[in-house]
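A short write-up of the structure that comes next.
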Amino acid sequence: MRSVSRRFGETVALDGVDFEARPGEIHALLGANGAGKTTLMRILAGLDRPDAGTVEVFGRRIESFEPGPIRALGVALVQQHFTLVPTLTASENLVLARPEGALLPPGRTAGVRVQKLVEKFGLEVRDGVPASQLSVGERQRLEILRALDADAKILLLDEPTAVLTDVEAERLLGVARALADQGRALVVITHRLAEVEACDRVTVLREGIEAISDGSVDGYTRADLASAMIGTDTSGTITARTTRRTQAAPVCLRVRDVSLGRVSSLTLDVGEGEIVGIAGVDGNGQSELEAALSGRSAAESGEVSISGEPIAPGDPRSRRGQGLAYIPSDRYSWGLIGPMDLADNLELGRVLPIRPNRPARHKAARPSLDHWDVRTAGPHARTSSLSGGNAQKLVLARELDEHPSAVLACYPTRGLDPEAADTVATRLVAAAEAGCAVLWIGAELDELLAVSDRIEVLYDGTLFGPYLPPFDRAAIGLAMAGDAADRARTATGGEADPP
Amino acid sequence: MDTLFSIATVEAGIRLGLPVALAALGAIINERSGVLNLGLEGMMLSGALGGYIVNDATGSPWIGLLAGLLVGASTGGVFAGLVVTFRTSQVVTGIAFTIVAIAATTYLFQLRWDIGELPPRVERLGMWPLVALTLVCVAAVWFLFRRTTLGLTISAVGESPESADALGYNVVLIRWMATIAGGALAGLGGAVLVNGPLGLFIEEVTAGRGWVALALVVFAGWRPVPAVAGAFLFGLCDAAQLRLQGTATEVPYEVFLALPYVVTLIALVVRARRSHTPAALGDPYVRGAA
Amino acid sequence: MTSSDTRQPASGTTPSPKSTWPPKLDGWLDAVSRRATAEGILSSILVPVVSALAALVVGGVLIAIDGVNPLSVYQAILQGVFTKSRGFSYTATVATPLVLIGVGYALAYRARVFTIGGEGQYLVGAVAGTAVVTAGGVGDLPRVVLIVMGLGAAMVAGALWGGLAGVLANRFGASIVISTLMLSFIGDSLLQWAVRDGIRDPESYNANSRPITAAALPSFFGQKTHLGFLFALVLVPIAWWLIRRHRWGFRIDALGHNPGTLDANEFSSARVTLSVLVVAGGLAGLAGMVETTGVNIRLGQEASVGYGWDAIIVALIGRLHPLGVLIAGLGMAGLTIGFESAQRQFELPSSLVSLITAFVIIFVVWGDAIAARWKEAR
């Protein structure tokens, strides 16, 4: 790929990037969130087109960026969100990707095909159940098998280890090495330094530009790679708090034996003025925890209360009335209404039955927008026109303006640029320092380390911890990978938890 | 009441169920590909008129059926153009489409036969050829989704268009084909109604059978065989209602008039949570917009 | 890049209140909430006006094919409405049910609650209202009381008929499109039974109810326009105010744009869905009784004349805005009335009017898609 550029509206995702993958090598593509890694790979797979630059596969220049022809050349992308059809079984997914004529093969033949692939590449996958019922690891292995079944010579893996446990990730990298040894070209997208060490070459992207271009992995230390990835500032994007609360505060947010989906019988207290960080790899029950605590879904059992008053599920006015602010993980699905204006969005959850007229509403919204530094054309602007950071600040303005006694903040910095992320974090810290109980569910460990008074790790629906400052990063990391859960199991000596 | 459950009633039930069964099969193909076809009633009606006019002109009900099929297919093409290519709202377009079809068929019909003038009865097909035709269609749809790669692809497009796209399938083309096929079967269903049990066309002759077919599809969980079974249940109620009309009975005949709809409503309620709706049903597909 | 963030398949484990099937609908409503920008004016006014003109052109071509000069037909239509003494009065009468039901549809569609059950609610309302005012022992009550009782019963019946679809959707996930439709057919059966047996006038040879003259609505404006038109005229500003200034209207729009956010921050989307169906049903029921007592003398088998279906078109062409609904309703009624006289003059098929109005709605849908494409391209 030569000087590939791609812009989305005002944002430049890729700015003249060169990239090469060679047979027999694993090429790591490293970069922080939003650096342009995924865009680059989508272009190479024909799912997106470059605004400028050229792409060649085995010396042949790609003219039309369509997924079909590029797949036929032997390029396969294993995306972050899987592209298996969830209702189809493993063998059906394979047949869909590479049909054997107009008729479907009988069930047995298709099963044999899966079995052969499984044996050939050592990637274990169950057949006979819909893909939606497979575990994340299995689904990923199936995706890779599907690519190999199509005889992919260039295999692009987009953050393959993000959803895997350490053991699984290590195994996957082993498989990747074996595939490279068979003469395939592999590209592994990652933002984990440890994984780069298992690769041969490395390219680091930062804000759409190569910070390191096609270097040999041996030539760089971890520190080199880290600074290339996040620029000169290696301390992370969030300003760390200087002081942490040490003595116990009166409990404000109380969670008792809450169960919902993956989350089983979870108990947690957050004191006034305390920030409790929930660390963990995505998919360990975060979304269920969020749904139950925010009252979006009724918990199967258990109770959430603020200062002793229980919160009724499905009734946002009760939540707000008890003083629980909610910053959702997906602000566009649960926080904001895109086609409505900013003033309307600020008004969500207020109690007035009759609303002021539009000029009055806009006038009333202005001070709040100014105070929270929402940079826009004014209160009449459509909310969908806001950038991610400003949209999040709008959510904060609505949720924190009424001086809540507790805040449920779910991935509050997700998708934000560093400046906006820092602002959001600072505001949440300020809320805590003013006496608010903050429960912060996060994915970035560095961020949680920077702000939390206490960290709990969510693994497979159960909390492990607490971890107190000064934080033992390694211990928390191990707990996130399920180590604490394993040890707990061994300690009780039983197979109490089903695998 | 004993006349109610006679062989004649069952026969009439089968006859009246056939058009609904065919339309339901069409809707299954449509909806499995992710296109919600609320224009089904309109397509059925168009096919009915097409089948009637051609039968009247040629004297052959079989050519009439073919005409219904072709008219239905072309209405399916128009619908696909709007919802798949222009990505208009499938709900609003479907409703509007049916309204247009009702008006257009009535207009064309009135243009040809003035009000008050008796439209001619056309040559009718017996029950068994139509039963055979419907069975062939059921088997074909069943085979399509159970045994062919094309069927698997249609389902994949309806479940996860982005996956199908990433594998190199043309989502727009497949949805076009599925919508045309669905329209063709709905049109055939309309033509069967006119060239089979009725032997004549009147304004809005389908009388909501297309809508019933749509509801049956939900009830049948998007599977062909249960959908056809549901269609015959509907046909039986319809036949019972016709039979009771005019005879004084303890049960008002309007109960049977309403029964198919009540049953459909109950089925909708019972099945709605259990059956798996194609995940992308009703969503226009734009690459990269997920 | 943010769009590539992995979405958690939360619905698999979290029981989310999925109230409607089909679950997702595309951006039909975006045009509605658009403020008075150039773009907003383009899509909210230009598209329906151009569509109406285009449909008239198509209608003209059809008339010409029939061998009649379309211009003289359209002239006759205009004369029928504006120069004939009863033209405007008849137009207002026909517009009344269209506007009453259409405003209900507009509110529901703003919330993306796609009910098409107006016809059934209209009939059920007419039956319930007629049953009350023709029941034994109410004949001595003053006319005002009878009218209020009849209209009230009709509204309650229509609201229940509409609310039933809401309950089925919220509790069982039944598709509102299909359930309201089935309820319409059932409502028609109910009417057939009621006039044949249930509330039949035993002294009448035909299947119809007792005369409802005791509860007849007062008329004004010549002989045909009745009190119901006043209801329609009053309803429009009320609905407009509800949308603009009342919390309920705000919630309706919020539901239409983003049910998830509504649920998480403001109010249960299921309850808003139910409430909007109840209101739309109540209005359709009212329309049924207003038509029965304003225009007819008895309730008969032929009461189903399709206002409930035509009002769908009126709501959509009226851009889901009460004022738009009023304009579209009057326009459609005017076309119908004007055409009636033109039809006799030129011997045209009576269905031409429905065909023209049907074309308007197809053109509106298509025009919206084209406008959206233009916007995308820029």
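Quick caveat: nothing in here was measured; it's all calculated off a predicted structure. In what follows, every chain begins at residue 1, and chains take the letters A, B, ... in the order their sequences are listed.
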- Note on the structure: Under 4.5 Å to a heavy atom of chain B? For A:Leu88 that would be side chain

- Message: Please report the interatomic distance CG(A:Leu104) to CG(B:Leu144), rounded to the nearest 0.5 Å.
- Response: 9.5 Å

- Query: Are any non-hydrogen side-chain atoms of B:Glu162 and A:Thr83 less than 4.5 angstrom apart?
  - Reply: no

- Main-chain N/O of A:Gly68 paired with B:Tyr169 side-chain donor or acceptor, under 3.5 Å: no

- Mark yes or no for whether B:Thr149, through its side chain, and A:Ala102, through its backbone, hold a donor-acceptor pair below 3.5 Å. yes

- Query: Closest heavy-atom contact between A:Leu84 and B:Ser160?
  - Reply: O-OG, 4.2 Å

- Does B:Ser155 reach the side chain of A:Thr87, with side-chain heavy atoms less than 4.5 Å apart? no

- Where do A:Leu47 and B:Ala166 come nearest, in terms of heavy atoms and distance? CD2-CA, 4.1 Å

- Task: Look up atom OG in B:Ser163 and atom CG in A:Leu96, then write down how far apart they are to the nearest 0.5 Å.
- Result: 8.5 Å

- Query: Which atom names give the shortest non-hydrogen contact between A:Glu92 and B:Leu152, and what distance separates them?
  - Reply: O-CD2, 3.6 Å

List the atom pairs, with distances to 0.1 Å, where a side-chain N or O of residues 91-100 of chain B and a protein N or O form a donor-acceptor pair under 3.5 Å, not counting sequence neighbours.
{"residue": "B:Thr93", "atom": "OG1", "partner": "B:Thr88", "partner atom": "OG1", "Å": "2.7"}
{"residue": "B:Thr93", "atom": "OG1", "partner": "B:Ser89", "partner atom": "O", "Å": "2.5"}
{"residue": "B:Thr98", "atom": "OG1", "partner": "B:Leu38", "partner atom": "O", "Å": "3.0"}
{"residue": "B:Thr98", "atom": "OG1", "partner": "B:Gly94", "partner atom": "O", "Å": "3.4"}

- Measure distances from A:Arg98 to the heavy atoms of chain B and classify the residue's part below 4.5 Å as side chain, backbone, both or neither. neither

